[in-house]
Amino acid sequence: MCLGLGVVGIFVPLLPTTPFLLLAAALWMHSSPRLHAWLLSHGRLGAYIRDFRERRAIPLHAKILSVALLWTSMLYCVVAVVGRWWWAQCLLLAVAAGVTWHILSFATLRK
């Protein structure tokens, strides 16, 4: 389930990818060493886990894409979905600012 949520998080801006992949790796470390090794050696997903575990860093392209998709979806929601409720607009913008700060607070991995 954690692996599935992590993969979906690649495409959905507010659903985090790395925490779910880290949780899947942690759960599989003891329960299934074979699946743990597969996840860490996976061509696309393994890099997220290794970069974060070893360097506590997020690749620059992932930061840019995450923040761009986050703000695109949030601004759409502010304008088109909750256009009448000013308090909901403020709440969504505050959440977007908080998530942006959280993403940018990690070190940037330049490849």
Side-chain angles (χ1 to χ4, degrees):
M1 186 165 74
C2 293
L3 177 62
L5 287 172
V7 170
V8 170
I10 294 171
F11 305 102
V12 177
L14 286 178
L15 190 63
T17 299
T18 305
F20 284 119
L21 293 178
L22 289 171
L23 182 58
L27 293 172
W28 284 345
M29 185 173 14
H30 297 294
S31 65
S32 178
R34 184 177 65 88
L35 285 175
H36 181 258
W38 171 81
L39 184 58
L40 290 179
S41 65
H42 191 274
R44 300 220 182 231
L45 301 178
Y48 282 107
I49 298 167
R50 287 189 307 274
D51 290 342
F52 197 79
R53 285 171 79 184
E54 295 168 6
R55 300 179 186 99
R56 299 248 336 140
I58 300 173
L60 180 61
H61 71 278
K63 279 187 173 185
I64 293 170
L65 185 63
S66 298
V67 172
L69 287 174
L70 168 72
W71 280 98
T72 301
S73 61
M74 283 299 206
L75 290 175
Y76 171 77
C77 289
V78 165
V79 171
V81 178
V82 293
R84 293 184 174 178
W85 303 314
W86 66 268
W87 57 269
Q89 291 174 331
C90 292
L91 182 64
L92 285 174
L93 292 173
V95 167
V99 172
T100 299
W101 176 81
H102 180 70
I103 291 170
L104 297 178
S105 68
F106 289 103
T108 301
L109 183 64
R110 299 183 198 287
K111 288 188 177 183

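All residue numbers in this chain count up from 1 along the given sequence. No hydrogens, no waters, no symmetry mates; every other heavy atom, side chains included, goes into these values.
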According to a 4.5 Å side-chain heavy-atom criterion applied to Ile, Leu, Val, Met, Phe, Trp and Tyr, with indirect links allowed, do Leu60 and Ile103 form part of one hydrophobic cluster?
no

Just so I know, are the side chains of Leu3 and Leu21 near enough to count as touching, which here means a heavy-atom distance under 4.5 Å?
yes

Has Ser105 got a side-chain atom pairing as donor or acceptor with His102's backbone, closer than 3.5 angstrom?
yes

Stepwise, does the side-chain contact (heavy atoms from CB on, under 4.5 Å) test hold for Leu75 with Leu92?
CA-CA 9 Å; Leu75 290 175; Leu92 285 174; over 6 Å; no

Under 3.5 Å, side-chain donor or acceptor atoms of residues 32-41 against the rest of the protein: list the pairs with distances, not counting sequence neighbours.
from  : atom 1 : to    : atom 2 : distance (Å)
Ser32 : OG     : Leu35 : N      : 3.3
Ser41 : OG     : Ala37 : O      : 2.9
Ser41 : OG     : Trp38 : O      : 3.2

CG of Leu69 to CD1 of Ile64, rounded to nearest 0.5 Å, is 11.5 Å

Would you compute the distance between atom CZ of Arg56 and atom CG of Leu109 and round it to the nearest 0.5 angstrom?
13.5 Å

Side-chain heavy atoms of Val99 within contact of Val67, under 4.5 Å:
no

Co-membership, hydrophobic cluster, residues Trp86 and Val81, 4.5 Å side-chain:
yes

Are Phe52 and Trp101 linked, directly or through intermediate hydrophobic residues, by side-chain heavy-atom contacts shorter than 4.5 Å (ILVMFWY only)?
no

Interatomic distance, CG@Leu23 vs SG@Cys2, rounded to 0.5 Å, equals 3.5 Å

Trp71: what forms a ring-ring contact (aromatic ring centres under 6.0 Å, His included) with it, not counting sequence neighbours?
none

Say you draw a straight line from NZ of Lys63 to OG1 of Thr108; how long is it, rounded to the nearest 0.5 Å?
2.5 Å

Consider only side-chain heavy atoms of I, L, V, M, F, W and Y, link residues closer than 4.5 Å, and tell whether Met1 and Leu27 are in one cluster.
no

Kindly indicate whether the side chain of Leu22, heavy atoms from C-beta on, has any atom under 4.5 Å from the side chain of Ile49.
yes

Transitively linked via ILVMFWY side-chain contacts under 4.5 Å: Tyr76 with Leu70?
yes

